[in-house]
Each structure stands twice: as structure tokens, then as C-alpha cells.
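Worksheet: one structure, shown below.
What you see is a predicted model; the values in this text were computed from it and never measured. Residue numbering restarts at 1 for every chain, and letters A, B, ... go by the order of the sequence lines.
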Amino acid sequence: MLQVILFALGGGIYALKLSVVERILAPGEPLPAGRRLVDLAALLEIPRPEGGQTEAPHLALLADGGVALSIGRPAGAAEIDPAWILPLPGYMFRGRRAPFRGLIDVPASRRARLATTSLSRPGLLLDEESLAEMTC
Amino acid sequence: MLSAPLPRITVKAGRLRIAIPAASIRQIVPAKGIVRVPLTRPGVEGVVSRDGRAIPVYRMTSLMGGWHEETSAAGLTQIVILEHEGMLAGILVESAESARASDPAPARPVDGRELLSAAGIFDDETDGESAARAARGE
């Protein structure tokens, strides 16, 4: 089983493997020295909501690379079966490599057993290695 | 000796009507549960999960050259899932029905491979599978 943390961003549900996240910082917590802030929404070209004003995002300190990833609003954690991760075809992306490990699609029969309702609809599991490459 | 024409399915989106060989169509499903995915090619609406696979869904207009009249998303109620050599892509349509020889305005016949080619399927190798394998620890 794979532990993931979930967060809501731009109307979608995204996930990171728990093993690659050192800590989550609440809005307003100071950025530790040496950490580089990366806006995930900007990196993924997710449009800002109309109206402009958005709540302050949480930050995920990634275990490697000194990156603090602005992740939006945390939406819980879950333990998922790796078989639920469906690969995304490379041909649907603009670039050669996209920062996603796949679509997390929890079978309906297993959703009730999860500790979160965030995965009642499919979410996207991010690929921390590709993210690190994109933020260099 | 004349051979019988291959059965085709006529699909419609806005003013665009095309007739796709039925043999190229794997499924026609309701346009529900489309998950938007960032950084995709123009025309990709998102992905749907069907039978344990994530299938990219395209606007039909984008696969036909992009110059056709756009249809409002609300009118696009079905996804036609095309398959070629194991590769899958869905197209969003308003309706899908059997093509009839008696149709006074027959739809433009389009090869299924032609549509999938426009979806970029044959452009490059895919690396989504390898990323997912890595996530599964394989």
C-alpha cells in the first residue's frame, strides 16, 4: 500500500507520496532557510480563480531538493493500493514528460474504507522527480 | 464483386458530423467523470477512467483541424472511445448513431486511425506507463 497526502488545487484533487514530504507548513508559517518556494499552480499552469482573492496556501516541504511546494488546501491523507494508479498516456501532454505518476481511481467498493472522502472522485498523483526537474 | 461498406457510426458536435468505422470504436459512454489534467495538448478535455485505464478525452473539433464551430460543453453528452492497436482516445460528441445509406446528407467518412493520429497517439513513445510502474514499485 502507498500512503499519500491529498490537497485541493484549482478544483482538482492532487496527491504526493507521503514519503517525499518532510512537513506541511500552515499558511503564515515562516519558510525555513534554504528552501526555495515553488508555486505548484503556476508550474502546472492552473488558472487563478476569477475574483483574484484566494486563501493563503499551505506549503509542502519536500524531502529532497530544498523545495517548498505551494500546494493549496490540504485534503487529508490516504493509504492507496498501487493498482489504483492508472498511468496517463504520454501522448496527451504537450511536453515529453509530465509531472504525474497517474490518475488515482479508487474502486467504488473501497472508497468507504478510506479515511478521507477526497478520493470519492479521481485525483492526480504527482511525480516528485519530474517536479524537481521542472523547478531546477 | 462488390463488397459491403463497413458499418459506420455517425457522430456530431456542433455543425461537424463525421462517420467513423464501427470497428474503430471500443465503447460509447456518457460524458461523466472527466478529470481535468494540466499541461495537456490543446483540445484535451481531461481523462476518464474506464476498465482500469485512464483514457484521454478530446474535443472533436480539435481533432478535425480546429477550424470548426465550437460546441458548448453542456451539449457534449457522450464520449466515443476509439481504439487502435491497444491505444485509446475518447472524443466528446453530442450524439452518436448508426450511419444510414439513405441519409440525404451523409457525414464525412473519417478513418479511426486518422482521428487517433490527430490526437498525437503516434507521435511519440509514452512514458506514463513507466511513471505509474515506478509508483507501484515495479
Side-chain angles (χ1 to χ4, degrees), chain A residues 1-4 8-20 39-47 80-108 119-131 133-134, chain B residues 26 32-59 62-63 73 79 81-92 113 115-138:
Chain A
M1 297 297 274
L2 187 69
Q3 289 184 307
V4 295
L9 187 66
I13 291 292
Y14 293 82
L16 275 166
K17 287 196 289 182
L18 193 60
S19 60
V20 305
D39 183 350
L40 184 61
L43 196 69
L44 298 181
E45 301 174 15
I46 295 171
I80 61 169
D81 186 330
W84 302 340
I85 304 167
L86 311 180
L88 297 172
Y91 53 76
M92 64 184 281
F93 293 101
R94 292 201 303 267
R96 176 149 180 77
R97 191 168 182 191
F100 305 105
R101 291 190 180 275
L103 182 74
I104 304 171
D105 187 21
V106 182
L119 285 176
S120 56
R121 56 186 168 131
L124 292 165
L125 179 59
L126 293 161
D127 177 1
E128 69 286 352
E129 292 171 12
S130 297
L131 283 175
E133 285 176 17
M134 291 171 72
Chain B
R26 179 178 168 130
K32 292 179 181 171
I34 299 175
V35 178
R36 293 198 179 276
V37 181
L39 306 178
T40 53
R41 288 167 176 258
V44 174
E45 283 291 305
V47 293
V48 288
S49 168
R50 301 294 300 188
D51 305 325
R53 291 178 72 170
I55 302 169
V57 177
Y58 296 74
R59 283 261 179 156
S62 71
L63 299 183
I79 301 171
I81 299 175
L82 305 172
E83 180 173 23
H84 181 81
E85 295 177 355
M87 307 274 218
L88 299 171
I91 52 176
L92 269 174
R113 193 180 194 286
L115 279 172
L116 292 171
S117 181
I121 283 182
F122 307 114
D123 288 3
D124 206 344
E125 293 180 0
T126 65
D127 58 8
E129 181 67 45
S130 59
R133 275 202 302 268
R136 292 195 289 263
E138 295 172 8

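Looking at A:P99, the atoms closer than 4.5 Å to chain B (heavy atoms on both sides) all sit in the side chain, from C-beta outward. Of the two parts of A:I13, neither the backbone nor the side chain holds a non-hydrogen atom closer than 4.5 Å to a non-hydrogen atom of chain B. Both the backbone and the side chain of A:L44 come within contact range of chain B, each with at least one heavy atom under 4.5 Å from a heavy atom of that chain. Contacts between A:M1 and chain B at a heavy-atom distance below 4.5 Å are absent for every atom of the residue.
The minimum heavy-atom distance linking B:L39 with A:F93 is given by the pair O-CD2, 3.5 Å. For the residue pair B:P56 and A:Y91, the shortest heavy atom distance occurs at CG-CE1, 3.5 Å. Of all heavy-atom pairs spanning A:M92 and B:G46, the tightest one is CE-O, 4.4 Å. Across all non-hydrogen atoms, the minimal contact from B:R53 to A:L86 is C-CD1, 3.8 Å.
To the nearest 0.5 Å, atoms CG (A:L88) and CD1 (B:I55) are separated by 11.5 Å. For the atom pair A:D105 CG and B:R50 CZ, the distance stands at 10.5 Å (nearest 0.5 Å).
Heavy-atom pairs under 4.5 Å with chain B were tallied for A:R94, A:E129, A:R121, A:E45; the largest tally goes to A:R94.
No side-chain heavy atom of B:V47 sits under 4.5 Å from any side-chain heavy atom of A:P122.
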